[in-house]
Amino acid sequence: MTHSAALILAAGKGTRMHSARPKVLQELLGEPMLAYVLAALRPLYTQADGREAVWAVLGHGADMVAAAFPGLSAIRQEQQLGTGHALATALPTLREQGVARVLVVNGDVPLLTTDIGRRFLAEAGDAAIAFASLSLEDAGAYGRVVRKGGDVAAIVEAKDFDAAFHGPDTGEVNAGLYLLDVEAVARLLPRIGNNNKSGEYYITDLVALGLADGLCVRGVNCGADESLLGVNSPAELARMEELLRGRIVRQLLASGVTLHAPELVRVGPFAEIAPGAEITGPCELYGHSQVEAGARIESHCVLQDSVVRKGARIRSFSHLERAEAGENTVVGPFARLRPGALLEPESHVGNFVELKNARLGPGAKANHLSYLGDAEIGAAANIGAGTITCNYDGKHKHRTSIGAHAFIGSNTALVAPVAVGDGALVGAGSVITKDVPAGELAVARGRQKNLPRKK
Ligand code: UD1
Ligand code: CA
């Protein structure tokens, strides 16, 4: 039986984002907002058996969210009638699972950290209802915390807040992070109404209702901690992304990564950059990209889920996606490594060369203007300028294999499936449709005729 769990409220549409994508799939540094919230909660709610006690309430775009997060424990809120309704929808599942205390968090807080979660849990203690508050200079659209004689009295949504009635706006707002006693909440939820400016059922009404029932209600003030800021508009998304970017860049610098123009370096939260790596901005490294010590990435490169090994140099304007540049390789400028490109140590890929699902053997070179797709290239082979593997016949993809120390002359078309043996030589301008045996020379082009010129 689980006794504590986390619940992420993620069913809302995010109307103010003006996007077809549900808000929690909006990306910051290449990762959807929900990934950040999950990553922050994971260390707090992973059980001894490795299972996570984290649920998400999904509604708007639920199928898209579920597809982006396979394995996520989701509860569907078919109609989004407010945060109180979202909690009520999840309650039967939580009770079934034996959850006694639940940490509820809005899904739109991508800066959330495990650390702030842990601090909040400690300060919330055993209160029946606890919530985190922030003290902001501009309280904007946040729900206002109303106190009477220092004690929490209610949370009043911005739209419903009236200073004449509720007292002065102190700038203390509800952060959207709660610790709730499930049974206490089960008694209060049926009493939440929707008689307010939005016509929604507000989770925040639990505060006044709980107090009226004599429950222990605690507001935990977290000052101006940025980790609890919510994203409701493109402008807020941009601001949060910039805060996150700065946080990651500072961590990289502190760990010993050299960054030139660090203000222009964008690294996703799951990328691993080893101390001793060197990166020049502007540059983007996303997904589970990995850069080893001594690797250098020049400006204007984009890496997605790619690995750059020790001593490799990725020169300007290169684009790598699910590719690996091995030790001491040189890539670019202007190279494109597509999924499945694997450069073995000391190999070179130069300008305007594209690789897809292709392995370049140790020390092999493809330095200019080539397409190498579905190909296996042996050690120290030389691929001349303009070499193209013709891997697609309109229906199927076929493989090309080129042996070790082979030399492919410029402007060669290799019509796959085809194999060029070790040490073979292909004359420039050839269209190779048959295998070339090891060590042989193949020339497949019109023979040159020299004729006397007409006067
Ligand atoms: C909410 C709080 C507000 C607080 C602010 C902090 C309420 C009523 N208000 O306002 O006091 O200051 O967060 O950021 O809770 N959601 C659902 N189902 C719904 C409606 C919303 O799952 O039916 C989810 C949304 O996807 C979102 C979260 O709940 O992740 C909060 O909803 P949102 O509309 O962003 O609330 P705020 O107006 O920001
Ligand atoms: Ca919000």
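Numbering of ligands and ligand atoms starts at 1, following listing order. The first residue of the sequence shown is numbered 1, and numbering continues consecutively from there.
- For the pair Gly143 and ligand 1, the shortest N or O to N or O distance falls below 3.5 Å.
- Neither the backbone nor the side chain of Val173 comes within contact range of ligand 1; no heavy atom lies under 4.0 Å.
- Each of the atoms 17 (C), 18 (N), 22 (O) of ligand 1 lies under 4.0 Å from some heavy atom of Ala86.
- Against a heavy-atom cut-off of under 4.0 Å, Asn232 is close to the following atoms of ligand 1: 35 (O), 39 (O).
- Residue contacts with ligand 1: Ala10 is included, with a non-hydrogen atom under 4.0 Å away.
- Of the protein's non-hydrogen atoms, the one nearest atom 13 (O) of ligand 1 is Asn106 ND2, 2.8 Å.
- From the protein, the heavy atom lying nearest to atom 3 (C) of ligand 1 is Glu157 OE1, 3.4 Å.
- In terms of polar-atom proximity, Val57 is not counted as a contact of ligand 1, lacking any N or O under 3.5 Å from an N or O of the ligand.
- Within 6.0 Å of CG on Asn195 lie no more than 12 heavy atoms contributed by other residues, nucleotides or ligands.
- Within the 4.0 Å heavy-atom criterion, the part of Arg16 lying near ligand 1 is the side chain and not the backbone.
- Taking any N or O of Gln77, backbone or side chain, at least one lies under 3.5 Å from an N or O belonging to ligand 1.
- The N/O atoms of Ala11, backbone and side chain alike, include one that comes under 3.5 Å of an N/O atom in ligand 1.
- Although no hydrogens or angles enter the test, the distance criterion places a donor-acceptor pair under 3.5 Å between the side chain of Ser306 and the main chain of Arg322.
- Of the protein's heavy atoms, Asn174 O, 3.4 Å lies nearest to atom 6 (C) of ligand 1.
- Taking a 6.0 Å sphere around CZ of Arg191, one finds it holds more than 12 heavy atoms contributed by other residues, nucleotides or ligands.
- The shortest N or O to N or O distance between Leu9 and ligand 1 is below 3.5 Å.
- Scanning the protein for heavy atoms near atom 16 (N) of ligand 1, the closest one is Gly12 N, 3.7 Å.
- No hydrogens or angles considered: nothing links the side chains of Asp305 and Ser289 as a donor-acceptor pair under 3.5 Å.
- A donor atom on one side chain and an acceptor atom on the other are not found under 3.5 Å apart for Asp374 and His398.
- Residue Asn106: no N/O/S atom is found under 3.0 Å from the Ca ion (ligand 2).
- Of the N or O atoms in Gly176, none lie within a sub-3.5 Å distance of an N or O in ligand 1.
- We find that Glu123 and Arg218 are not joined by a salt bridge, their nearest charged nitrogen and carboxylate oxygen being 4.0 Å or further apart.
- Below 4.0 Å from some heavy atom of Leu81 lie the following atoms of ligand 1, by number and element: 23 (O).
- Within the 3.5 Å criterion, the main-chain N or O of Leu29 finds a donor-acceptor partner in the side chain of Glu241.
- Taking the six-membered ring for Trp and thresholds of 30 and 60 degrees, Phe317 and His300 have nearly parallel ring planes, at less than 30 degrees apart.
- Between Arg147 and Asp151 there is no salt bridge, since no side-chain N of the basic residue sits under 4.0 Å from a carboxylate O of the acidic one.
- For atom 36 (O) of ligand 1, the nearest protein heavy atom lies 4.0 Å away or farther.
- Legend: salt bridge (charged side-chain N to carboxylate O under 4.0 Å, His left out) pairs involving residues 66-92, not counting sequence neighbours, sorted by first then second residue: Asp63-Arg76.
- With respect to Arg309 and Glu292, a salt bridge is recorded, a charged nitrogen being found less than 4.0 Å from a carboxylate O.
- A salt bridge is absent between Glu242 and Arg239; no separation between the charged side-chain nitrogens and carboxylate oxygens falls under 4.0 Å.
- Closest heavy-atom contact between Ala312 and Ala325: CB-O, 4.2 Å.
- With respect to Glu172 and Arg144, no salt bridge is recorded, no charged nitrogen being found less than 4.0 Å from a carboxylate O.
- Contacts with ligand 1 closer than 4.0 Å are made by backbone heavy atoms (N, CA, C, O) of Ala175 only, the side chain lying farther away.
- Only side-chain heavy atoms of Lys23 come within less than 4.0 Å of ligand 1; its backbone N, CA, C and O stay farther off.
- Considering both main-chain and side-chain atoms, Thr83 comes within under 3.5 Å of ligand 1 through a nitrogen or oxygen pair.
- Residue contacts with ligand 1 for His60 are absent, since no atom lies close enough (heavy atoms, distance under 4.0 Å).
- Distances from the Ca ion (ligand 2) to each N, O or S atom of Asp108 single out OD2 as the nearest.
- Interface atoms of ligand 1 facing Ile203, defined by a heavy-atom separation under 4.0 Å, are 15 (O).
- The shortest N or O to N or O distance between Gly82 and ligand 1 is below 3.5 Å.
- Remark: ligand 1 and Tyr202 share no N or O pair separated by less than 3.5 Å (distance only, no angle test).
- In summary, Arg313 and Glu298 engage in a salt bridge, as defined by a charged side-chain N under 4.0 Å from a carboxylate O.
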